[in-house]
Amino acid sequence: MFYLLVQKKGEAVKLIFSKLYNEYGPQGWWPLINYSGLNTAKTGAIKEYHPLNYDLPKTRDEIYEIILGTILTQNTSWTSAKKALLNLNSLNAINPEKLLSLKDKTIKEAIRCAGFLNQKTKYIKAVTHFYISLEDIIPTRNELLNINGIGNETADSILLYAYKQPEFVVDTYTKRIFLYNGIINENDNYNRIKYLFESNLDPEFYIYNEYHALIVEHAKRYYSTKPYGEKDPLLQNINIGF
DNA sequence: AACCAGGACGTGA
DNA sequence: TCACGTCATGGT
């Protein structure tokens, strides 16, 4: 009885991935300003997304840029977070040592546009000290969670997108889509939802990468204004038979 | 004018 | 564990 339900939820997880991928294609996450390789971006130019290129990030500063981005975009639109990153970039501060050489006030003004400037400045400095101490080692999830400012989603985002580790990222959009479609419950916590995905997908980082990015793309279209999901043309009635 | 944005922390049950 | 208030700014 329960087993059948679990199995159907697992099938839905797989089915929704293929539907989203067929609809939107590869998403090219995590966005990077001026990433290494390929063409020429001048200062301020943004190539940002890089579909089907799973080699990024390559450099130490590109990894660092993603870590900065995961904190800057907490409860904030990517548009705002990106502006903050561009401000930091114009200070040459998308580099851990350079960032720590800045005064708090300078950092705060640079990231003001992304909101929560006081706590995000603390968070960024904390993770930067940790990042320098790592010296090219891949951090563990618990190490990340012990840093002030890094919770479940940010830890998984860093592991998945900065370090290519197969850790599924669960965000508010994920909860919204899968709750609306009857695949999770209101009271399912972060790790339970994470397990639903990880136990039904091949543990490949590029699959988790695309799935989370596709969820965000789809949710921005149909799950941002209430009533959430009502106009979703793709997943409507996907839960029939549960 | 209220609501939302690619959340996390501190507190008190 | 878990619900709740708080953190800040920008766009719709």
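What you see is a predicted model; the values in this text were computed from it and never measured. What you see below is based on every heavy atom in this structure, not just the backbone, and it leaves out hydrogens, waters and symmetry mates. Residue numbering restarts at 1 for every chain, and letters A, B, ... go by the order of the sequence lines.
- Taking 4.0 angstrom as the limit, Thr154(A) places a side-chain polar atom (N or O) nearer than this to OP1 or OP2 of dA8(B).
- Regarding contacts with the backbone of dC4(B), a side-chain N or O of Tyr228(A) is found under 4.0 angstrom from either OP1 or OP2.
- Straight-line distance from the OH atom of Tyr190(A) to the P atom of dA8(B): 8 Å, rounded to whole Å.
- Checked against the 6.0 Å centroid threshold, Tyr180(A) and Tyr222(A) do not count as a close aromatic pair.
- Looking only at distances, no side-chain donor or acceptor of His50(A) sits under 3.5 Å from a matching main-chain atom of Gln27(A).
- For Tyr173(A) and dA5(B), the shortest distance from a side-chain N or O to OP1 or OP2 is below 4.0 Å.
- Tyr49(A) contributes a side-chain N or O that forms a donor-acceptor pair with the base of dG6(B) under 3.5 Å.
- A close approach under 4.0 Å does not occur between any side-chain nitrogen or oxygen of Arg192(A) and OP1 or OP2 of dC2(C).
- The residue among Ile150(A) and Thr70(A) whose nearest nucleotide of DNA chain B is located toward the 5' end is Thr70(A).
- When heavy atoms are screened at a 4.0 angstrom cut-off, Lys226(A) is found touching the sugar-phosphate backbone but no base atom.
- Going from atom NZ of Lys82(A) over to atom C1' of dG10(C) covers 14 Å, rounded to whole Å.
- Residue order along DNA chain C, read from the 5' end via each residue's closest nucleotide, puts Asn118(A) first among Asn118(A) and Lys83(A).
- Distances were taken from every side-chain heavy atom of Arg112(A) (C-beta onward) to each of dT9(C), dC4(B), dG6(B); the shortest belongs to dT9(C).
- Between Lys175(A) atom NZ and dA5(B) atom P there is a gap of 13 Å when expressed in whole angstrom units.
- Using a 4.0 Å heavy-atom cutoff across all strands shown, Gly115(A) reaches at least one base atom of the nucleic acid.
- Dashed line: the shortest gap from a side-chain N or O of Thr76(A) to OP1 or OP2 of dG7(B) is not under 4.0 Å.
- Toward the 5' end of DNA chain C, the nearer of the two residues Asn75(A) and Thr79(A), judged by each one's closest nucleotide, is Asn75(A).
- Residue contacts shown for Asn148(A) are limited to sugar-phosphate atoms, with no base heavy atom under 4.0 Å away.
- When side chains are defined from C-beta on, Lys125(A) counts as touching Asp104(A), because their heavy atoms get closer than 4.5 Å.
- Atom CD1 of Ile177(A) is separated from atom P of dG6(B) by 12 Å (rounded to the nearest Å).
- Whole-Å rounding puts the Ile158(A) CD1 to dG7(B) P distance at 14 Å.
- As a whole-Å value, the separation of Asn152(A) CG from dA8(B) C1' is 10 Å.
- The closest side-chain heavy-atom distance from Tyr211(A) to Val13(A) is below 4.5 Å.
- Between Asp156(A) and Arg141(A) there is a salt bridge, since at least one side-chain N of the basic residue sits less than 4.0 Å from a carboxylate O of the acidic one.
- Distance noted for atom P between dC7(C) and dG6(B): 22 Å (whole Å).
- Separating the C1' atom of dA1(B) from that of dT12(C) is a span of 11 Å, rounded to the nearest Å.
- Distances were taken from every side-chain heavy atom of Ser77(A) (C-beta onward) to each of dG6(B), dT9(C), dC9(B); the shortest belongs to dG6(B).
- In this entry the distance linking CG of Asn191(A) with C1' of dT1(C) reads 12 Å, nearest Å.
- Of all nucleotides listed (dA8(C), dG6(B), dC9(B)), dA8(C) comes nearest to the side chain of Gln119(A).
- Under a 4.0 Å N-O distance rule, the pair Glu198(A)/Lys194(A) qualifies as a salt bridge.
- In summary, Glu109(A) and Lys105(A) do not engage in a salt bridge, as defined by a charged side-chain N under 4.0 Å from a carboxylate O.
- Across all strands shown, Glu153(A) has heavy atoms under 4.0 Å from sugar-phosphate atoms exclusively, and none from any base.
- Among the protein residues, Leu72(A) comes within range of no part of the nucleic acid, since none of its heavy atoms lies under 4.0 Å from any strand.
- Counting any heavy atom pair closer than 4.0 Å across all strands shown, Thr172(A) reaches sugar-phosphate atoms only and no base atom.
- Listed in residue order, the members of residues 14-27 of chain A having a heavy atom less than 4.0 Å from DNA chain C come to none.
- Here dC4(B) is the nucleotide among dA8(B), dC4(B), dC7(C) with the atom lying nearest to any side-chain atom of Arg176(A).
- Between Tyr64(A) and Leu99(A), the closest side-chain pair of non-hydrogen atoms falls below 4.5 Å.
- In this pair, Trp30(A) does not lay its aromatic ring on the base of dG6(B); centres under 5.5 Å and planes under 30 degrees do not both hold.
- Between Tyr223(A) and Tyr173(A), the distance separating the two ring centers is not shorter than 6.0 angstrom.
- The same atom, P, is picked in dG10(B) and in dA8(C); the two are 13 Å apart, to the nearest Å.
- Spacing between atom CG of Leu85(A) and atom P of dT9(C) amounts to 18 Å, rounded to whole angstrom units.
- Side-chain contact between Tyr24(A) and Arg221(A) is present, with at least one heavy-atom pair separated by less than 4.5 Å.
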